[in-house]
Amino acid sequence: MSEKYIKKGGDGYTRHTQSNISSNAAFGDGNEAIAWAAQDAGVNYVSHYPGSPVNRVVDVLSDAQHSQDYLINHALNEHIAALAVMGASLCGARSLLVMKHVGLNIAADPLNYSAVTKIRGGMVVVVGTDPGARSSTGEEDVHWYAPQFNLPLLEPATVQGVYECVKQAFSYSEQAQMPVLVFVPGRIAYQSSLIQRTPEDLPARSFCFEKDPENLINVGVRAVRNHRQHILRLQQFQHQEQRYSLHFNPQAQFGMVTRGASFGICHEVIESLGLGKQIELLNIELSYPLNIQAFLSFAKNKQKVIVAEDQDGFLETLIKREAFGKVKCEVHGKDIFPIWGELCDAQIRDYLSHEFEIRPGNHVGSVGSVGSSVTDLKIKVDCPERPGSFCEGCPHRSSFYGIDRALQQKNMQKKGGMGIHGIIGGDIGCSSLPPHRTDWLLCMNAGIGISQGIAQLLPDQPLVSTGGEGSFFHGGLISLQSAVENKIKLTHIIFDNRSIAMTGHQDSPTTSGTTDMRKLLQAIGVKHILEVNAFKSSEVTQAIHKAQKIQGVKVIWIRGNCALQPDSEALRRYRERKLFIHNEKCQGCQLCYEKLQCPAIVKQQELLHIDLHRCRRCTACLDVCPNSAIEVDDKVM
Ligand code: SF4
Ligand code: SF4
């Protein structure tokens with residue numbers, strides 16, 4: 001049996017032993033591996049839009065910025081970030097662009113044409129993917145962007161591999177004069193391991209922009225010529241480069257092919273089932289453009305090859321296309337594994353157990369061992385299905401309470417004819433997290449966007465669109481201006497919690513205070529701006545009623561800091577204020593407990609109490625209680 005590793009630029013499957021751990025080794029996760037690789041490759045410029053699972057990369061780079069010679073651009077969306085990085089790269093800077101998979105949709109416009117510009121400094125595009133949609137609104141397979149953009153795609157299989165791929169990608173990019181994509185799934189981005197760092201001793205770069213109309217004014221005959229030249233450069237790269245590793249038995253007639261996170265799962269399952277003699281495993285790291293040579297020599301002695309990968313079957317499709325008529329073996333993939341969800345070890349284990357007629361308990365990973373599968377263990381856990389909740393002291397809780405109250409008022413029901421409720425247009429971000437108070441949750445700026453269409457078709461329908469200030473600056477601003485231009489009767493709510501809280505509390509323009517929201521809204525033609533306190537749900541309700549009577553676009557600007565980013569005043573309140581429920585006054589209406597649903601309000605022996613360990617002293621519950629039963633013992637009031 002063999003463990004033959006990738007031929008160029010590291011193996012992506014380093015086994016660390018006492019003897020090969022150098023002084024440059026450090027323990028880190030996939031996010032740190034990306035940041036450290038960029039530093040060690042001499043990155044000069046970084047831009048990003050935060051998104052899980054690669055939301056910590058720029059935090060790591062920012063924390064170390066004092067000792068490193070690179071600039072960081074915290075862009076307001078991925079389109080802007082992509083263009084900024086291209087600009088830096090055209091000046092000769094090694095540049096890093098970071099975003100999550102859905103961000104690639106926003107950056108697709110510039111990236112479609114990035115290759116024809118013949119960028120100068122290495123440009124690496126790191127994309128966090130999310131099969132299984134753990135932290136996204138969908139598990140879109142963005143692999144298809146690689147052939148659409150015609151850009152190389154590297155897919156590391158381990159945390160060490162992430163470090164090596166990102167570092168290598170800068171060289172590849174300069175060599176091929178095109179950006180290089182590196183996809184890192186959540187399973188690897190959040191995994192930790194020892195990372196062997198190999199910093200490069202690079203000479204300092206000097207930057208300049210060289211006028212190059214032949215490549216940078218890409219129109220007419222130049223567009224076709226540049227496209228052709230780019231494809232030729234990509235083909236040259238394809239024939240020169242391949243990154244793969246071979247594992248287990250080269251004489252085996254059964255083969256498995258993996259990429260990214262599926263490598264680790266398959267390797268572990270093959271080992272635990274004791275199938276190392278019956279299987280050879282090929283892991284492909286440079287998945288686009290696919291150099292088919294490694295597969296062809298791997299497949300020569302095989303009778304059957306299974307491509308095990310997440311999502312749509314990108315690698316299987318490429319293999320079948322490139323190897324068509326050149327191999328005799330059967331090639332399977334998505335006829336065995338589903339195209340939805342994240343590939344898991346139980347699926348591989350079940351398939352291989354069936355294929356090799358292994359009965360449960362008849363292998364090294366049988367019940368009770370580390371390698372045993374979910375199906376082997378036969379443990380069924382019945383978890384109660386609970387609605388999620390905003391944090392204690394979250395400004396969105398009382399805001400939605402105020403919105404619900406407004407939309408449930410009888411006069412609005414009659415107008416809309418909706419029976420129970422008006423419509424709440426939802427965006428993505430922390431305001432749309434469970435308990436899912438909005439009526440949809442799709443993509444950035446879907447709040448204003450979809451609501452416009454509904455508002456035009458159903459002008460009498462009670463409706464408010466919503467979104468955080470992060471989403472507003474991402475692209476909502478243009479959407480709102482479009483609604484103004486089209487004279488749509490629309491009430492839009494901006495939840496301004498002064499933080500892009502969903503992805504790790506990155507700053508938004510209202511955190512820094514550089515943008516005057518009121519003047520900005522006025523500048524795009526919004527005539528009615530109602531500013532309210534997020535913790536006063538009655539103000540929210542009144543503002544909605546007022547706005548519904550006004551024609552055109554109205555903005556309700558709901559202000560209240562994220563509970564996890566308190567300002568000095570909030571901290572002082574937390575230290576000096578106590579809230580309690582006066583049981584003699586409480587009428588048991590449950591509004592604070594069942595409707596507001598603050599987790600700090602708890603039931604003990606049928607009486608309601610405020611758990612002061614959890615309570616953030618936001619006072620939202622005070623505004624909700626119709627009987628003034630919630631009281632404040634306040635040294636600061
Ligand atoms: S109990 Fe009241 S004051 Fe405390 S966090 Fe909850 S809503 Fe805010
Ligand atoms: S809202 Fe007031 S009256 Fe109603 S249950 Fe809560 S504390 Fe009691």
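Only a predicted model underlies this, so the values are computations on that prediction, with no experimental measurement involved. Remember, it's 1-based here, ligands and their atoms both numbered in the order they're listed.
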I would like to know whether Glu155 and His143 meet side-chain hydrogen bond (donor to acceptor under 3.5 Å, both in side chains); could you show each step before the answer? CA-CA 10 Å; Glu155 296 198 74; His143 283 78; 2.8 Å; yes

Taking the six-membered ring for Trp, is the centroid-to-centroid distance between Phe472 and Phe495 below 6.0 Å? no

Any atoms of ligand 2 less than 4.0 Å from a non-hydrogen atom of Gln590? List them with their elements. 4 (Fe), 5 (S)

Evaluate side-chain contact (heavy atoms from CB on, under 4.5 Å) for Asn583 paired with His609, printing each intermediate quantity in order. CA-CA 9 Å; Asn583 289 127; His609 297 274; 4.3 Å; yes

Can you tell me which residue and heavy atom of the protein come closest to atom 4 (Fe) of ligand 2, and the distance to 0.1 Å? Cys589 SG, 2.2 Å

Nearest non-hydrogen protein atom to atom 2 (Fe) of ligand 2, with distance, is Cys625 SG, 2.3 Å

Using a cut-off of 2.8 Å, count how many protein N, O or S atoms are strictly closer to atom 8 (Fe) of ligand 1. 1

How far is atom 8 (Fe) of ligand 2 from its nearest protein heavy atom, and which residue and atom is that? Cys586 SG, 2.5 Å

Here the atoms of ligand 2 under 4.0 Å from any heavy atom belonging to Leu608 are 5 (S)

Does Thr503 form a side-chain hydrogen bond (donor to acceptor under 3.5 Å, both in side chains) with Gln506? I'd like the steps, not just the answer. CA-CA 7 Å; Thr503 51; Gln506 291 84 1; 2.9 Å; yes

Do the charged groups of Arg134 and Glu342 touch, with an N to O distance under 4.0 Å? yes

Could you list which atoms of ligand 2 come closer than 4.0 Å to a heavy atom of Cys592? 1 (S), 5 (S), 6 (Fe), 7 (S)

Does the structure place the NZ or CZ of Arg616 under 6.0 Å from the centre of the six-membered ring of Tyr574, at an angle of no more than 45° from the ring's axis? yes

For residues Arg405 and Ser537, is any side-chain donor paired with an opposing acceptor at under 3.5 Å? yes

Answer yes or no: is there an ion pair linking Glu32 with Arg56, defined by an N-O contact shorter than 4.0 Å? yes

Should you measure from each heavy atom of Asn627, which atoms of ligand 2 turn up under 4.0 Å away? 3 (S)

For the side chain of Gln587 and the backbone of Lys585, is there at least one donor-acceptor N/O pair under 3.5 Å apart? yes

